[in-house]
Amino acid sequence: MSAVMQEMQTDIGLVSTVVARSSLSFIDGEKGVLEYVGYDIDDLARNSTFEETTFLLWHQRLPSHSELADFTARVQSNYDLSDAMWDMIVSLPRDANPMHALRTLTSALALEDPNADDPSEEANERKSLAMLAKMPALIAGFDRHRKGLDLVRPDTSSSIAESFLYMLTGEKPTQRMARAMDICLILHADHGFNASTFASLVTISTLSDMYSAVTTAIGTLKGPLHGGANQGVMIMLQEIDGIENAESFIMDKLTRKDKVMGFGHRVYKSVDPRATYLKTFAEGIAQDTGNIDLFNISKRIEEIMDREVGAKGIYPNVDFYSATTYFSLGLDLDLFTPLFAMSRVSGWTAHCLEYLEDNRLIRPRCDYVGPHAKEYVDISQR
Ligand code: SDX
C-alpha cells in the first residue's frame with residue numbers, strides 16, 4: 001500500500017465517517033432523538049405544518065406569520081404543471097414503476113426551466129420550490145393516468161398534503177386525513193446524511209444543478225434498504241395475513257438471516273422517534289379506516305423482534321408504522337416511496353443549499369487491490 005494510502009482511513013459504507021458539518025438535523029442514535037434545526041420532531045409533528053417545516057429547513061429558522069403566508073402562496077402558485085408536463089405524464093407506460101416515473105418527470109422539469117443551470121442561491125431556491133410544489137402533481141397525475149382516470153389539477157387554495165390527496169382521489173380529503181398526510185410529510189422531511197441526501201450532495205458538490213441533485217436522490221431513495229422499505233413492510237404484513245402467523249413468519253426470516261423490513265437503522269440503536277410517533281398515529285388512523293388488524297400484526301411483529309434482536313439495537317424505524325398509515329390513507333403500496341420522496345425533497349434541497357455555502361467536491365479514495373504492471377498481449381496472441 002502506498003505511503004499516501006497508508007495515511008487514509010478505510011471505512012466501508014462510511015459507517016463511522018463524518019463528511020461535513022450541518023445545522024439541519026440532529027440525530028442522537030442512542031437516545032432516539034431527532035431535531036430539525038434544534039426543534040424536536042415530536043413538537044414539530046404536533047404543532048407545525050409541512051410548509052412551515054420546509055421553511056425551517058431552508059432558512060434555518062421558523063417563519064413569521066406573514067413570511068409563512070408568503071411562502072405558502074409562492075408554493076401554491078407553483079403547484080400546477082405545464083401542459084407539456086401533463087402530456088408527458090400521460091405518455092408514460094401505465095405499468096411503469098412510480099419511482100421510475102417520478103425520477104423521469106422530476107428530471108424533465110429542468111427541460112422547461114430556462115435558468116436550470118443558474119447556480120445562484122436565488123435560482124437554487126426557486127428550483128427547490130418548484131420541485132417541492134410540483135412533485136405531488138407528478139405522483140398523483142401518474143397514478144391517475146395508470147388507472148385510466150381523468151387527471152385532477154391541483155387545488156391551489158389548499159396545503160401540499162390536502163392538494164395531493166385531492167389530486168389522487170378526485171375528492172376533497174377530510175381535515176383528519178389531510179392532517180395525517182401533513183404530519184407524515186413533516187416526519188419524513190429530513191434526516192441528516194442518509195443515503196439519498198448524501199447522494200444529492202455528491203452531485204451538487206460538482207456544481208451540477210439542483211434538478212440533477214434531486215434526480216440523483218430519487219434514484220437513491222428507491223432502494224429497499226432505504227426509502228423502499230415502507231413498501232416492503234406492507235408486502236410483509238399482507239403475506240403474514242393473520243396475527244397467528246406472525247411468529248413463524250418472522251422467526252423464519254430471522255433464521256434465514258433475512259432483513260425484516262422496517263427494522264434496524266444505521267444510526268438509531270434505540271427506537272426511531274418517528275416510529276414512536278407514527279405508532280400512536282397509525283393506530284388511530286387504522287381504527288378509523290377498518291385496518292386495525294394490520295396495526296395489531298405490526299405490534300405483534302414489534303414484540304417478536306424486540307424479544308429476538310432488541311438487544312442488538314434493532315428497533316422499528318420510520319418505515320415500519322408509516323406503512324400501515326399510508327395503507328389506511330388509501331395509498332397504493334407502490335406510492336409509499338414516491339410519497340417519501342415528495343417529503344424528503346425539502347431535506348435534500350435544504351442540504352444542497354447549505355452545502356453550497358462552503359462547497360467542497362466530494363471525492364473519496366478507494367483502496368486498490370487489483371494487479372500491477374501487467375504486460376499487454378496483442379489480441380492475436382490471446
Ligand atoms: C430509512 O439513514 C437514514 O437516516 C435512513 C432513513 C431516513 O430517514 O432517511 O431513516 C430512512 O432508510 C430507514 C431504514 C429503512 N430500511 C429498512 O427498514 C431495511 C431493513 N433494515 C436493514 O437493511 C438495516 O437495518 C439498515 C440497512 C437500515 C442498516 O443496516 P446497517 O447499519 O448496514 O447494519 P447491518 O446491515 O450491517 O446489520 C447489522 C446486524 C446484522 O447482523 P449480524 O450480521 O451482525 O449478525 O443487524 C442485523 C444484520 O443482519 N440487522 C437486521 C436488520 N437490520 C440489521 N436483522 C434483521 N432485520 C433487520 N431489519
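Residues: numbered from 1 along the sequence shown. Atoms within each ligand, like the ligands themselves, are counted from 1 in listed order. Worth saying up front: this structure is predicted, and the values here are computed from it rather than measured.
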Between Phe198 and His351 (judged by ring centroids, cut-off 6.0 Å), do the two rings come close enough to count as a pair? no
Looking at the rings of His191 and Tyr36, which for Trp means the six-membered one, are their centres under 6.0 Å apart? no
Which of the numbered atoms in ligand 1 are under 4.0 angstrom from any heavy atom belonging to Arg266?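 Near Arg266, meaning under 4.0 Å from one of its heavy atoms, ligand 1 has 29 (C), 31 (P), 32 (O), 33 (O).
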Measure from atom 26 (C) of ligand 1 to the protein's non-hydrogen atoms and state whether any distance is below 4.0 Å. no
Taking Pro371's backbone N and O only, do any of them form a donor-acceptor pair with Tyr368's side chain (distance below 3.5 Å, no angle check)? yes
Considering only NZ, NE, NH1 and NH2 on the basic side and carboxylate oxygens on the acidic side, decide whether Arg179 and Asp182 come within less than 4.0 Å. yes
In plain terms, say whether Asp143 and Lys147 are close enough for a salt bridge, that is, a side-chain N and a carboxylate O under 4.0 Å apart.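 A salt bridge is present here (some side-chain N lies under 4.0 Å from a carboxylate O).
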Would [X] count as a polar contact of ligand 1, with the cut-off being nitrogen or oxygen pairs under 3.5 Å?
X      : answer
His226 : yes
Lys312 : yes
Phe263 : yes
Ile314 : no

Just need the protein heavy atom nearest to [atom], so name the residue and atom and give the distance.
atom                    : result
atom 5 (C) of ligand 1  : His265 NE2, 3.6 Å
atom 17 (C) of ligand 1 : Ala229 CB, 3.5 Å
atom 35 (P) of ligand 1 : Lys259 NZ, 4.3 Å
atom 23 (O) of ligand 1 : Leu225 CD2, 3.3 Å

Mind checking salt bridge (charged side-chain N to carboxylate O under 4.0 Å, His left out) for Asp334 and listing every partner two or more places apart, or none if nothing turns up?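 Listed in chain order: Arg146.
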Only one of Thr203, Ile204, Asp117 passes side chain to side chain contact (heavy atoms under 4.5 Å, CB included) with Met210; say which it is. Ile204
Pick, from Asp272, Thr220, Asn194, Val260, the option with the minimum heavy-atom distance to atom 58 (N) of ligand 1. Val260
My understanding is that only residues two or more places apart in sequence, or in another chain, count here; which of them pass side chain to side chain donor-acceptor pair (under 3.5 Å) with Asp306?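 Residues passing side chain to side chain donor-acceptor pair (under 3.5 Å) with Asp306: none at all.
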